[in-house]
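Atoms within each ligand, like the ligands themselves, are counted from 1 in listed order.
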Amino acid sequence: MQYREFGRTGWKVSEIGYGMWGMAGWTGSDDKESERSLDLAVELGCNFFDTAWAYGNGKSERLLGDLVRRHAGKKLYIATKIPPKNSIWPSKRGFILDECFPPDHIIEYTEKSLKNLGVETIDLIQFHVWEDSWATDERWGRTMEDLKKAGKIRAVGISVNRWEPDNSLETLQTGRIDSVQVIYNIFDQAPEDHLFPLCKKLNIGVIARVPFDEGTLTGKFTRHTVFPKDDWRSTYFVPENLTASVEHADRLKPLVPKGMTLTDMALRFILSNDIVSTTIPGMRKETHVRANIVTGDGTKLPPNLLAELKKHRWDRTPTEWSQ
Ligand SMILES: NC(=O)c1ccc[n+]([C@@H]2O[C@H](COP(=O)([O-])OP(=O)(O)OC[C@H]3O[C@@H](n4cnc5c(N)ncnc54)[C@H](OP(=O)(O)O)[C@@H]3O)[C@@H](O)[C@H]2O)c1
């Protein structure tokens, strides 16, 4: 496993981090299998774990706390997120800070996350939605500064809304943000336009999330894939989205080099960009952990393939189903 600088924090994080949503919120999760997968990831050098209070109302955080205690001799970086007070994902233009992150709510949920995790300090606390219009409201920054001084958090991040990478640019310029978490993958290349150059200039850590486009880029889905009704993917992969996603993924299959898989190519595409500090595939199975972690070996995709993949950029705009 190779490690990269996490912006200005001084942390060295594994190129392959760990996304912990699925194991606490998607159907088909098995806690024992998730625990074995997490343990394996640590053994293979993964040291960055992304969770959120909202992933199973603290369940994912509790799984992470247990993991940290099982591997007490190793430094594992904990990244979690504060849910918006109004419980609406994503935030919408016009929402005010008081609806989502008033100071008392930031403090309350930091305390809840500390308790779920069973730790004294959270390495990275992130806002789980964001509106750039909140940039100039001093209250969130002051609250985070107080939490840092109290030793409860070490760094602050924004998790930007799906397909809105630019809805954070003014906030990053305040100097109060240490990292951004953004959807970046073979389809979603828009963060390269404005967000990544700004992160580079300001030395802000970059977490590339949803590396497989919620599963499309694993190549496993067909137009007929059906998700259980109580799985959020049944509301996200509506026919309009599923059909288009499968078509876009199918076009990539002939480009996969010999000896590689589509998932390898998807992760290596992301890691071929030096601005990315870590990418966090969602994983619940040991086979997936093994397959993904080998791609954190520092081998980038060749320039001709990267140039070809640039053509598969797919710009999408938020819709009523995109969440
Ligand atoms: N708003 C936000 O802040 C936000 C939103 C979305 C996601 N996130 C974060 O980003 C993380 C990653 O996104 P995601 O989990 O939504 O989607 P993703 O990483 O794009 O895709 C996850 C899916 O890929 C499958 N998978 C993983 N490795 C595989 C492999 N080698 N071969 C075949 N299939 C493989 C997983 O299966 P198994 O689960 O069965 O292993 C799961 O079904 C989340 O876990 C979460 O931490 C944050």
Side-chain angles (χ1 to χ4, degrees), residues 16-31 33-34 36-38 40-41 46 48-56 59-61 63-64 77-84 87-91 100 124-130 157-165 167-168 179-188 206-221 225 227-228 231-233 236-237 245 249 256 260-270 278-296 318 322-323:
I16 300 294
Y18 206 118
M20 295 185 63
W21 179 18
M23 65 177 63
W26 299 11
T27 57
S29 297
D30 169 337
D31 289 353
E33 189 177 37
S34 300
R36 284 197 304 274
S37 301
L38 287 162
L40 178 64
C46 178
F48 187 86
F49 295 82
D50 180 69
T51 183
W53 180 88
Y55 300 163
K59 174 174 178 175
S60 176
E61 291 181 326
L63 286 168
L64 180 51
Y77 290 98
I78 294 175
T80 193
K81 310 185 195 82
I82 305 172
S87 302
I88 299 177
W89 275 268
S91 52
C100 295
L124 176 67
I125 194 113
Q126 304 160 98
F127 293 103
H128 208 152
V129 299
W130 193 255
I158 294 177
S159 186
V160 295
N161 301 346
R162 189 183 301 272
W163 304 333
E164 298 178 17
N167 191 2
S168 61
S179 69
V180 284
Q181 178 174 144
V182 64
I183 298 188
Y184 179 59
N185 58 46
I186 295 174
F187 296 154
D188 295 294
V206 172
I207 304 166
R209 81 167 185 258
V210 191
F212 301 130
D213 188 45
E214 307 293 6
T216 321
L217 285 168
T218 66
K220 286 188 295 198
F221 298 167
T225 299
F227 296 96
D231 190 307
W232 81 279
R233 290 171 295 178
Y236 175 73
F237 284 113
S245 301
V256 179
M260 226 185 243
T261 61
L262 179 58
T263 55
D264 288 349
M265 188 172 83
L267 293 175
R268 288 186 196 277
F269 170 83
I270 295 164
T278 183
T279 184
I280 50 167
M283 309 182 268
R284 294 176 291 178
K285 296 184 179 61
E286 289 162 280
T287 47
H288 291 165
V289 169
R290 276 188 205 286
N292 296 342
I293 282 190
V294 293
T295 65
S322 60
Q323 303 173 50

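Within the listing of ligand 1, atoms 9 (C), 46 (C), 47 (O) sit less than 4.0 angstrom from a heavy atom of Asp50. Residue contact check: Asn292 has heavy atoms under 4.0 Å from atoms 27 (C), 28 (N), 29 (C), 30 (C), 31 (N) of ligand 1. Applying the 4.0 Å criterion to heavy atoms of Gly19 picks out, from ligand 1, the atoms 11 (C), 44 (C), 45 (O), 47 (O). Against a heavy-atom cut-off of under 4.0 Å, Thr263 is close to the following atoms of ligand 1: 30 (C), 31 (N), 32 (N). Using a 4.0 Å cut-off to heavy atoms of His128, the atoms of ligand 1 that qualify are 1 (N), 2 (C), 3 (O). Using a 4.0 Å cut-off to heavy atoms of Asp213, the atoms of ligand 1 that qualify are 20 (O). Numbered from 1 in the order shown, with element, the atoms of ligand 1 that lie under 4.0 Å from a heavy atom of Ala291 read 31 (N). Against a heavy-atom cut-off of under 4.0 Å, Met283 is close to the following atoms of ligand 1: 41 (O).
For Trp89, the closest heavy-atom approach to ligand 1 does not fall below 4.0 Å. Heavy atoms of Tyr18 stay at 4.0 angstrom or farther from ligand 1.
In terms of N/O distances under 3.5 Å, ligand 1 is approached by Lys285. Considering backbone and side-chain N/O atoms, Thr218 never comes within less than 3.5 Å of an N/O atom of ligand 1.
Ranked by closest heavy atom to atom 8 (N) of ligand 1, the top entry among Met23, Arg233, Arg209 is Arg209. Counting only non-hydrogen atoms, the option in Asp30, Val210, Ile158 that gets closest to atom 13 (O) of ligand 1 is Val210.
Of all protein heavy atoms, the one lying nearest to atom 10 (O) of ligand 1 is Ile280 CD1, 3.5 Å. Of all protein heavy atoms, the one closest to atom 27 (C) of ligand 1 is Gly282 O, 3.1 Å. Of the protein's heavy atoms, His288 NE2, 3.4 Å lies nearest to atom 33 (C) of ligand 1. At the shortest separation from atom 14 (P) of ligand 1 among protein heavy atoms lies Glu214 OE1, 3.4 Å. In this structure, atom 44 (C) of ligand 1 lies nearest to the protein heavy atom Trp21 CB, 3.7 Å. When hydrogens are left out, the protein atom nearest atom 34 (N) of ligand 1 is Lys220 NZ, 3.1 Å; that is the closest non-hydrogen contact. In terms of protein heavy atoms, atom 39 (O) of ligand 1 is closest to Arg284 NE, 2.8 Å. At the shortest separation from atom 43 (O) of ligand 1 among protein heavy atoms lies Trp26 CZ3, 3.6 Å.
Ring pair Phe212/Phe221: centre-to-centre distance not below 6.0 Å.
A 4.5 Å side-chain heavy-atom check between Tyr55 and Lys81 finds at least one atom pair inside the cut-off. At least one side-chain heavy atom of Leu124 sits less than 4.5 Å from a side-chain heavy atom of Ile207. Within the 4.5 Å cutoff, no side-chain heavy atoms of His288 are placed close to those of Thr218. No side-chain heavy atom of Arg162 sits under 4.5 Å from any side-chain heavy atom of Pro318. Between Asn185 and Phe269 there is no side-chain heavy-atom pair separated by less than 4.5 Å. Between Ser37 and Met283, every side-chain heavy-atom pair lies at or beyond the 4.5 Å cut-off. Looking at Trp89 and Gln323, their side chains never come closer than 4.5 Å, going by heavy atoms from C-beta outward. Taking the side chain as every heavy atom from C-beta outward, Lys220 and Thr225 never approach each other to under 4.5 Å.
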### Task
Could you walk me through whether Arg209 and Asp50 pass side-chain contact (heavy atoms from CB on, under 4.5 Å), step by step?
CA-CA 9 Å; Arg209 81 167 185 258; Asp50 180 69; over 6 Å; no
### Full working for side chain to side chain donor-acceptor pair (under 3.5 Å) between Ser91 and Asn161
CA-CA 8 Å; Ser91 52; Asn161 301 346; 3.1 Å; yes
### Task
With side-chain contact (heavy atoms from CB on, under 4.5 Å) as the test, would you mind laying out the steps for Ile82 and His128 before giving the verdict?
CA-CA 6 Å; Ile82 305 172; His128 208 152; 5.9 Å; no
### Task
Could you check Trp232 against Glu214 for side-chain contact (heavy atoms from CB on, under 4.5 Å), going step by step and ending with a plain yes or no?
CA-CA 11 Å; Trp232 81 279; Glu214 307 293 6; 3.6 Å; yes
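Within the 4.0 Å heavy-atom criterion, neither part of Arg162 lies near ligand 1. Contacts between Pro211 and ligand 1, counted as non-hydrogen atom pairs separated by less than 4.0 Å, involve both the backbone and the side chain.
One finds a salt bridge joining Asp31 and Lys59 here, because a Lys/Arg side-chain nitrogen approaches an Asp/Glu carboxylate oxygen to under 4.0 Å.
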